[in-house]
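Notes for the one structure printed next.
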Number of protein chains: 2
Amino acid sequence: MATPQTGAGDPKRSLELLWREYGAQPSRPGPKPRLTVDRIVEAAIAVADREGSCFGMRSVSAELGVGAMTIYRYVPGKKELIDLMVDRISRFDGIQPDLSQLGWREGLELLAEGTWEVYEAHPWLLEINQRRPVLGPDSLAGYDFALSAFEGHDLPDREKNLVVTAVMNLVTGTARQYLLGDSADDAPETTESEWWKMQAPYLEKAVASGRYPRITVFADETAWDISAHESMRYLLDRFLDGLAPRMEAVRRAPEGPQ
Amino acid sequence: MATPQTGAGDPKRSLELLWREYGAQPSRPGPKPRLTVDRIVEAAIAVADREGSCFGMRSVSAELGVGAMTIYRYVPGKKELIDLMVDRISRFDGIQPDLSQLGWREGLELLAEGTWEVYEAHPWLLEINQRRPVLGPDSLAGYDFALSAFEGHDLPDREKNLVVTAVMNLVTGTARQYLLGDSADDAPETTESEWWKMQAPYLEKAVASGRYPRITVFADETAWDISAHESMRYLLDRFLDGLAPRMEAVRRAPEGPQ
DNA sequence: TATTACTGAGTACAACGTACCCGATTCAGG
DNA sequence: CCTGAATCGGGTACGTTGTACTCAGTAATA
């Protein structure tokens, strides 16, 4: 048979792997598999944490101590492996605080901070270009967890989705802006401060040219010394401020029927 | 001499090219260059618009009708070319409305919508992993333009930067979530609705399992039918709602001294 | 025991960015 | 004018990437 359908980028295979069943397989001929999909995913995450998003399949194989092509027996291709890695990363290992005990605001703040921590731990996540959101078991659990922040409020389902995706996109956008450099990738190159020192002469000359009349703030160094996390919190806090009136409006009466 | 320093990823070369002078060069021996850096950048953008961010240097060469290696006479490497492309894309071609005539809110909305349109026109921009923000002439002009939204308000410089980056990160985050699929890249694969149709059975089974108690909204299709732009606007509007009190507090008196 | 399916490793290929070399071209100085 | 030097464009080739394919070895079933 030609082309045994190891076709790359098959979403169906990704989904099958994501939602794979762990039940006992019927015994089949042939040697027992030495690896498992889980071990490969864990190894790939370890490699990506170390090498950045441009990790190679050969590195994953080496990490597992197997031949270069061996992992292809378990995973159809790199794209699918990344799908699995992304879902695995979304798993919330710590204790899940009971968001319904907290207020909606604290809940969403926790969601944002949790997402932020994931990006800090695995900056390569920001570099991969996820074609479509792959909702695996762990991502779905995270979404379910996020929705618990709205308990006690009669926000329409549609708006719940808007809010949750807003918070996540807000975190992602800021993280991308600031945390990308932390990923090792291929060029350590220059540090943050060195980079600005390098740009400074050009920027100063540009500002001096008068073509950028409003950018005169380079004199004040502290105006540009903004940490990634502070930037995220500012955006988050204003967003939640703006959301507050709406949440108050849909607050459910504590005891009575809805 | 060994290694004539065609070193890739040199930020200094990027900066030199970004802020290159257009003055008449002193006449030098050798044939006149057939290309210019600008033509290469324009061609590369055209190719990226067509092929996605995974455009190849050979495609750019072909677009210009020159040999594969010829463009390396003008640009040190792909990274630097991308830096130039990013800055070029940031150029605001249309008429710049006078933000100072509008209110701060309309100004920031215009900034967000403008950024959004850039991403819609050039989705590949979302796929490239910019190590560090390269502030070229056009990016700087955009930033200067953005700052004009704060005229008539005594917001501290530091907070201005927080707000502007917040708006841009907000747009970027949402755009990335939704617009990535529009980039042609390598796999047209499945459409949005096909993808959800493919995921549906797994999600339904997962929800039915009871492990995700709060995700019961899959019954209501409309709850998930959220357009990219709507999602961005929701986040933007709440953010601006939250920013409003602060902006009112720092509003400068119309006539009197500050 | 014979069959059969499956595993793991090795080889190889296309595409990528780009280092290097060489002939052709055009200016500056005599 | 001629000569030397500097530059340009193109071709070739190398290392690295993801992965298609082949083949020998293994273990459960009939």
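Predicted, not measured: the structure shown is a model, and the values here were computed from it.
- Listed nucleotides C:dT11, C:dT18, D:dT17 differ in distance to A:Lys78; the shortest reach to its side chain belongs to D:dT17.
- Dashed line: the shortest gap from a side-chain N or O of B:Tyr72 to OP1 or OP2 of D:dG10 is not under 4.0 Å.
- Each of C:dG8, C:dC6, C:dC16 was ranked by its minimum atom distance to the side chain of A:Arg28; first place goes to C:dC6.
- Figure legend: cation-pi geometry between A:Lys78 and A:Tyr72 absent, as NZ or CZ is not positioned both under 6.0 Å from the six-membered ring centre and within 45° of its axis.
- Per the geometry, CG belonging to A:Leu81 stands 10 Å off P belonging to D:dG18, to the nearest Å.
- Between A:Tyr178 and A:Trp116, the distance from one ring center to the other does not fall under 6.0 angstrom.
- Screening B:Leu135, B:Asp87, B:Leu140 against B:Trp19 for a side-chain contact (heavy atoms from CB on, under 4.5 Å) leaves a single residue, B:Leu140.
- Comparing B:Phe55 and A:Tyr74, the nucleotide of DNA chain C nearest to each residue sits closer to the 5' end for A:Tyr74.
- Using cut-offs of 30° and 60° for the angle between ring planes, the A:Tyr143 and B:Trp224 rings count as tilted.
- Per the geometry, NZ belonging to B:Lys32 stands 9 Å off C1' belonging to D:dT7, to the nearest Å.
- Taking the side chain of A:Pro31 as heavy atoms from C-beta on, and the options C:dT26, C:dG8, D:dA27, the nearest nucleotide is D:dA27.
- Mapping A:Ala68 and B:Pro33 onto DNA chain D by nearest heavy atom places B:Pro33 closer to the 5' end of the strand.
- Going from atom CE of A:Met57 over to atom P of C:dC16 covers 19 Å, rounded to whole Å.
- As a whole-Å value, the separation of B:Lys79 NZ from C:dC16 P is 17 Å.
- Along DNA chain C, the nucleotide closest to A:Gly67 and the one closest to B:Arg58 are compared, and the more 5′ of them pairs with A:Gly67.
- In this entry the distance linking CD1 of A:Ile71 with P of D:dA20 reads 13 Å, nearest Å.
- If you measure from atom CE of A:Met69 to atom C1' of D:dT17, you get 12 Å, rounded to the nearest angstrom.
- Protein atom CZ of A:Arg34 is 15 Å distant from nucleotide atom P of D:dG25, rounded to whole Å.
- Paired with A:Val86 under the rule side-chain contact (heavy atoms from CB on, under 4.5 Å), one option of A:Asp138, A:Ile128, A:Leu81 passes, and it is A:Ile128.
- Rounded to whole Å, the distance from CZ on B:Arg39 to P on D:dC8 is 15 Å.
- When distances run from any side-chain atom of B:Arg73 to the nucleotides C:dT7, D:dA6, D:dC8, the shortest one goes to D:dC8.
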